[in-house]
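What you are looking at is a predicted structure, and each value in this text was computed from that prediction instead of being measured. This chain uses plain numbering: 1 for the first residue, then up along the sequence.
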Amino acid sequence: MFSSDGNPTLFGVPCGAHYPSAVKRGLLQRLASMSPETVARTEIYVNTSRMKKELMASFEYGSTRFLPKFRLLSDLGMDHDFMDLPVPVSGLRRRLELAQLVSHFLKQEPQFATRSSVFDLSDSLALLMAEMQDEGVTPQDIQNLKVPDASGHWQKSLQFLSILFGLFTEDSTSDLSLEARMRLVIDRLERKWKIAPPEHPVLVVGSTGSRGTTARFMTLVAKQPMGAVILPGVDFHMSADVWTQIRSEDRISVEHPQERMARLAQNIGIDPTQIQRWDTETEENAARNRLVSLALRPAPITDQWMKEGPAFEQVRPATERLTLIEAPDTRLESNAIALVLRHAVHEGKTAALVTPDRDLARRVTALLSRWNIVPDDSAGIPLSQTPPGRLLRHVVGLIGRVLSSEDLLVLLKHPLCARGGHDKNSGEDDRGYHLLWTRELEVHLRRKGIAFPSQDDLVHWAIKSGESKDDKEARLSWAHWVADISEQFQQTSEGSLKTHLDRLVGLSSRLVKGPDAGDDSELWAQHTGREARRVVEELYREADYGGSMSSLEFGDLFRAILGRGIVRDPSPKHPQVMIWGTLEARALGADLVILGGLNEGIWPQSVGQDPWFNRDMRRKAGLLSPEQNIGLSAHDFQQAIAAPEVVLARAKRDAEAETVASRWLIRLTNLMSGMSDEGRQGLEAMRHRGAEWITLAEHLDRPDFTLPSAHRPSPRPPVAARPRQLSVTRIENLIRDPYEIYASRVLRLNKLDPLSREPDVRERGTALHAIMEAYLSQIAEEDYEAALARFLNVAEEVLEREVSWPSARRVWLGRVRRIAARLVKRERERFALGTPVGIEAKGAMHLHEVDFSLTCKADRIDRKEDDSFVIYDYKSGTPPTEKQTKIFNIQLHLEAAMMEEGGFDSVPIGKVSEVAYLGLDNKLTETVLPLDPGDVAEVKKKLVQLIRSYDDPALGYTARRMMKTVRYETNFEHLSRYGEWSDADTPVPEDLE
């Protein structure tokens with residue numbers, strides 16, 4: 001019916017045509033002279049559900065008629081003729097089985113790979129097995145490869161691949177994979193149709209035959225009297241010479257967009273030039289198709305540009321509706337694309353963004369929301385990014401760990417946490433207390449610097465914070481609930497897949513139920529929850545094949561499976577704006593098409609590294625070439641650029657470096673810039689139109705107003721609001737950065753510690769001071785060896801108690817051990833000079849002249865034999881120099897003044913003859929300052945003058961007044977808007993009320 005001479009036929013639809021409409025028109029034209037029920041008996045096999053949906057919509061539109069039978073290629077062999085074949089095993093079961101085999105192999109060969117790579121290796125084997133069965137490659141084909149193997153790497157790889165080879169069985173049809181079953185189905189169809197060809201029309205549409213079994217079925221259908229294969233996006237403007245070049249064995253031709261068409265035609269037994277048009281009424285932009293066809297010629301014959309380029313006479317009709325956006329960065333690319341889509345909606349056009357870059361798609365979706373435009377995104381949302389998916393991902397990642405403050409708050413702040421007690425009639429009230437207590441707990445954890453909150457920490461906070469509140473009982477119950485869940489996470493064990501699933505679901509359910517043990521329906525509600533439940537239930541069904549694994553291994557497995565889940569939001573979308581993947585774009589049509597992300601590595605995507613075979617080995621074994629995906633992407637590009645109106649968009653720079661334009665875009669621009677004056681003018685016009693969108697994109701995020709740069713602040717609060725008490729360590733802040741005193745003591749602002757605290761210099765200093773305090777507090781008559789041993793024991797005990805980070809604990813202990821011998825020797829020498837009378841002694845002093853008080857905590861005070869005193873201060877880093885102690889670091893001089901006035905608790909009054917800063921750095925640097933008569937009085941006099949000057953309303957608290965270095969950071973630079981002004985700027989006073 002589809003061939004006049006009875007020979008195999010192959011049909012195609014040109015690029016730019018609306019493919020579903022063309023398929024419908026061509027079929028109805030050929031069946032016009034036959035009875036109406038012929039259409040109803042027609043079987044049409046399609047490659048995707050999207051294609052099926054669009055074909056059905058196309059046939060339903062127009063006059064009333066019978067509809068063909070639409071079937072997916074993946075459903076081939078599901079009718080009653082193939083009921084004797086077993087149902088194929090699920091891909092998940094196959095991966096679980098392979099994971100067990102890989103795990104057993106790694107136990108025998110631990111040097112081959114780490115245990116953490118079990119599931120990555122099983123995925124790799126599953127993909128290889130599917131490809132081998134799809135392409136008809138047997139284990140013998142792999143084993144017979146002649147590979148130079150001087151290092152023995154190939155033999156090790158073969159030994160590992162033998163795991164996979166054992167699953168290839170020719171005498172059994174049990175446990176068939178989907179690909180193996182499909183080959184059996186096609187084998188049976190070949191035998192059946194050879195004897196009795198189908199008596200009704202059979203069509204294969206939408207596919208290019210890129211996979212082996214699909215190409216076999218398409219070849220089989222094309223050879224039937226009533227069969228037809230309709231290829232999408234066939235380039236009917238290529239000459240026979242170009243088709244011949246594509247059909248060569250050269251690797252480069254695999255990257256050509258028409259390579260699969262040429263291979264399929266060759267398999268069927270016809271010349272590619274004999275591919276016929278399916279629908280003669282199809283409208284297309286022939287000039288643009290010819291231009292793009294010329295630009296995409298195979299590399300060995302691009303010299304044809306020299307002849308055909310200058311002869312090309314229809315550049316203007318080919319490019320007048322082409323726009324090229326070359327944005328400086330990804331932000332402006334997203335802005336420009338969003339503006340183009342918004343403008344299309346305003347003009348009543350249908351517009352589609354076609355891109356493989358999901359990050360770009362998400363950015364554009366977010367930008368469109370400002371105009372209340374929700375695009376129809378064919379790719380959906382990854383399950384792992386939905387609320388149920390995120391909760392499950394958080395929980396499985398924390399099992400077996402001691403929860404840090406950050407981990408705990410991530411769970412408590414999740415939108416599904418404590419939803420179980422939610423009363424639909426009372427709105428969010430039931431969850432309000434949970435959020436309130438979570439915020440208060442966060443502030444507490446930040447203030448106290450608790451890295452890993454224990455049950456005692458949580459209960460103590462609940463009791464302390466609820467003392468004078470009406471919710472103290474409920475708060476305490478909530479804290480116990482949080483503590484119990486936190487402890488359950490710490491438990492870890494080896495177990496079956498079902499055991500781990502039970503624990504994951506149990507913990508997630510308890511978090512959703514809340515402290516009142518409500519229900520967990522919110523976890524599985526709506527379309528996102530239903531998809532999460534489907535993934536979990538599938539794991540439960542196949543749990544018997546998972547074997548035994550650790551919590552970490554289960555986490556790797558679950559996250560990998562969760563990442564494959566896709567959720568499609570059924571809520572209404574804007575009817576004029578779509579976001580498509582490159583495959584979906586074949587079936588659909590829009591007035592305006594935007595090709596986004598046209599950079600190398602995105603479109604086309606980079607060819608990944610095959611862990612088992614190089615390109616030559618793949619070719620010899622009969623496996624697919626890695627570059628075939630590039631050819632498929634090129635075909636998608638050639639189809640999409642043929643739309644009525646097209647915008648080509650790329651970013652010249654991403655977040656990391658300069659980008660390289662897509663090879664197809666480079667080819668097109670190079671051809672146009674060198675072919676003729678008309679070509680150069682057309683390219684300039686494309687770029688000019690794109691530049692206009694970039695200009696608009698730059699204004700999209702630009703505010704309508706500008707704020708003047710801030711001046712260097714010097715606020716002057718009322719004298720009554722100025723601080724009347726400081727610690728001796730804050731005096732340096734008052735000298736160096738008065739603004740910090742203003743922010744912390746006048747405005748009463750305090751910097752919150754980060755939740756994900758790192759073992760920084762401050763933490764190390766606190767730990768070292770605690771070590772010295774514990775060591776000095778236990779002084780006894782002992783020799784050097786005993787003192788050293790006691791010091792090291794104290795260091796280990798203190799670090800174990802005070803430092804929450806095991807890695808930092810080991811590093812700091814190693815540092816202490818390096819200086820321990822010299823440090824103990826130094827301390828013993830000081831013991832010989834004086835006896836400690838105060839360790840971490842608290843002191844205070846009131847300056848009556850200015851009504852100002854000082855407080856302090858002295859690290860160590862020793863009494864010498866002459867009854868004078870020495871005050872020591874331990875520094876975790878390098879101590880200040882003698883010059884610095886004269887202006888900035890006057891801490892110990894002020895403590896000496898307190899000492900001489902009897903300001904220390906339980907330390908007798910006396911004269912201070914010496915102060916010293918003792919470094920705990922690797923060099924044990926010291927700064928020793930003997931005090932001459934009058935030194936203490938002089939420092940006290942300067943302090944009185946300093947405080948009196950700040951009692952003057954005309955003196956402000958200037959920001960960064962005398963910084964130690966230009967890059968010296970303070971806690972309130974963001975408040976002072978440092979950066980808008982520099983240290984060289986003149987302070988601008990501001991009176992405050």
Side-chain angles (χ1 to χ4, degrees), residues 88-133 139 142-143 152-169 172 174-180 384 392-393 395-401 489-505 507 535-565 608-613:
V89 299
S90 69
L92 176 59
R93 181 190 299 183
R94 183 66 76 198
R95 279 170 169 77
L96 291 175
E97 293 172 338
L98 286 171
Q100 289 194 67
L101 294 173
V102 171
S103 179
H104 179 72
F105 177 85
L106 294 183
K107 289 180 181 178
Q108 305 298 322
E109 301 287 341
Q111 74 284 353
F112 187 83
T114 61
R115 294 284 303 172
S116 60
S117 62
V118 167
F119 295 105
D120 289 335
L121 290 172
S122 62
D123 272 346
S124 174
L125 287 180
L127 292 173
L128 177 59
M129 181 177 183
E131 184 179 352
M132 290 175 64
Q133 292 176 332
I142 304 298
Q143 292 169 339
H153 174 74
W154 175 239
Q155 288 302 319
K156 293 179 182 178
S157 298
L158 270 182
Q159 184 182 3
F160 179 75
L161 291 176
S162 63
I163 296 173
L164 189 64
F165 297 160
L167 299 177
F168 284 79
T169 55
S172 175
S174 61
D175 292 340
L176 285 175
S177 66
L178 181 62
E179 293 78 14
S384 57
L392 292 170
R393 182 158 49 88
V395 171
V396 79
L398 296 175
I399 289 177
R401 288 172 48 180
F489 272 94
Q490 300 176 25
Q491 302 169 8
T492 179
S493 60
E494 187 93 4
S496 65
L497 177 55
K498 183 178 183 303
T499 301
H500 289 297
L501 281 172
D502 288 340
R503 186 177 181 194
L504 168 63
V505 174
L507 283 170
V535 170
V536 172
E537 288 179 346
E538 184 182 8
L539 271 169
Y540 267 117
R541 284 196 302 271
E542 308 296 347
D544 293 339
Y545 301 91
S548 180
M549 61 186 70
S550 67
S551 299
L552 293 177
E553 291 172 337
F554 171 71
D556 294 338
L557 168 67
F558 187 82
R559 282 190 294 269
I561 295 173
L562 193 72
R564 296 191 181 101
Q609 294 294 325
D610 189 325
W612 313 117
F613 309 105

Heavy-atom side-chain proximity of [X] to [Y] below 4.5 angstrom:
X: Gln490; Y: Ile399; result: no
X: Phe165; Y: Gln143; result: yes
X: Thr499; Y: Phe554; result: no
X: Val505; Y: Leu392; result: no
X: Ser157; Y: Trp154; result: yes
X: Asp502; Y: Tyr540; result: yes
X: Leu497; Y: Tyr545; result: no

| field | Sidechain N-carboxylate O distance under 4.0 Å for Asp123, Arg94 | value |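 Here Asp123 does not pair with Arg94 in a salt bridge, since their nearest N and O are not under 4.0 Å apart.
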Calculate, to the nearest 0.5 Å, the distance between atoms [atom1] and [atom2] belonging to [X] and [Y] respectively.
X: Leu98; Y: Leu164; atom1: CG; atom2: CG; value: 6.5 Å
X: Leu101; Y: Ser162; atom1: CG; atom2: OG; value: 9.5 Å
X: Leu557; Y: Leu501; atom1: CG; atom2: CG; value: 8.5 Å
X: Glu494; Y: Ser548; atom1: CD; atom2: OG; value: 4.0 Å
X: Glu538; Y: Ile561; atom1: CD; atom2: CD1; value: 7.5 Å
X: Arg393; Y: Phe558; atom1: CZ; atom2: CZ; value: 10.5 Å

| Check: Phe119 main-chain N/O paired with Ser122 side-chain donor or acceptor under 3.5 Å | yes
| task | Taking Arg93 for its side chain and Glu542 for its backbone only, find out whether a donor-acceptor pair lies under 3.5 Å. | result | no
Over all atoms of both residues, closest heavy-atom pair of [X] and [Y]:
X: Thr114; Y: Leu106; value: O-CD1, 3.6 Å
X: Phe112; Y: Lys156; value: CE1-O, 3.8 Å
X: Ala113; Y: Leu121; value: CB-CD1, 3.9 Å
X: Val395; Y: Phe489; value: O-CE2, 3.6 Å
X: Ser550; Y: Glu553; value: N-OE1, 3.1 Å
X: Arg559; Y: Gly397; value: NH1-CA, 3.5 Å

| request: Please report the C-alpha distance between Leu96 and Asp544 in whole Å, then the side-chain angles of each, then the deciding distance to 0.1 Å, and finally whether the side chain to side chain contact (heavy atoms under 4.5 Å, CB included) criterion is met. | output: CA-CA 9 Å; Leu96 291 175; Asp544 293 339; over 6 Å; no
| field | Residue pair Ile142, Met132: steps toward the side chain to side chain contact (heavy atoms under 4.5 Å, CB included) verdict | value | CA-CA 10 Å; Ile142 304 298; Met132 290 175 64; 3.9 Å; yes
| said: Checking side-chain polar atoms at under 3.5 Å, does Glu131 have a donor or acceptor matched by the opposite partner on Gln133? | reply: no
| said: With side chain to side chain contact (heavy atoms under 4.5 Å, CB included) as the criterion, how do Val89 and Leu178 come out once you've worked through the C-alpha distance, each side chain's angles and the decisive distance to 0.1 Å? | reply: CA-CA 7 Å; Val89 299; Leu178 181 62; over 6 Å; no
